[in-house]
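Working notes, structure below.
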Amino acid sequence: MPLVAIGRCRQDLSWLTNEPDAWIWHGIGEDETAPAVKKLNDLNEDGNWHPFGYQNFVELLDDPDAPCELFNKIYLRGGGQEHGPVLAQAARGRLKPRDYQLQAN
């Protein structure tokens, strides 16, 4: 049975890199993702790929045309007209972080 760590679990990064089959975290900014993945790769002891993902809450604003922005590194806020195309691209695996510039607050 796969073991997926959610959050830090009060564990050292070395444990998160080598023990669970995958790790999902929150509160990481786009500019912090590449260094975090590099650190995890550097700490990897078994040579196996352990997926890393992060989640954001989606907050739809009343204004459907409000631009999307990342708030407190965890809330993706914006209008429905802005969220729709972004989420559709992500679902098709076509969204890369540099394709979608978020304004961090």
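For this chain, numbers begin at 1 and follow the sequence in order. Since the structure is predicted, the reported quantities are computational estimates derived from the model, not experimental observations.
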Taking atom [atom1] of [X] and atom [atom2] of [Y], what is their separation to the nearest 0.5 Å?
X     : Y     : atom1 : atom2 : result
Tyr75 : His26 : OH    : NE2   : 9.5 Å
Leu61 : Gln81 : CG    : CD    : 13.0 Å
Leu16 : Ile24 : CG    : CD1   : 12.0 Å
Arg77 : Asn56 : CZ    : CG    : 12.5 Å
Lys39 : Leu13 : NZ    : CG    : 7.0 Å
Leu40 : Thr17 : CG    : OG1   : 4.0 Å

Ring center gap for Tyr54 and Trp25 short of 6.0 angstrom
no
Quick check: does any side chain N or O of [X] sit under 3.5 Å from a backbone N or O of [Y], one acting as donor and the other as acceptor?
X     : Y     : answer
Asn18 : Leu43 : yes
Trp23 : Gly7  : yes
Asp21 : Val4  : no

State which residues pass salt bridge (Lys or Arg N to Asp or Glu O under 4.0 Å) with Glu19; sequence neighbours excluded, sorted by chain then number.
none
Taken in chain and number order and not counting sequence neighbours, the residues that satisfy salt bridge (Lys or Arg N to Asp or Glu O under 4.0 Å) with Asp42 are Lys38
Do Glu45 and Ser14 touch side chain to side chain, with heavy atoms closer than 4.5 Å?
yes
I'd like to check Phe57 versus Ile74 (side-chain heavy atoms, cut-off strictly below 4.5 Å). Are they in contact?
yes
Minimum heavy-atom separation for Glu82 and Pro67, please, with both atom names.
CG-CA, 3.8 Å
What residues, two or more places apart in sequence or in another chain, satisfy side chain to side chain contact (heavy atoms under 4.5 Å, CB included) together with Asn48?
Asp46, His50
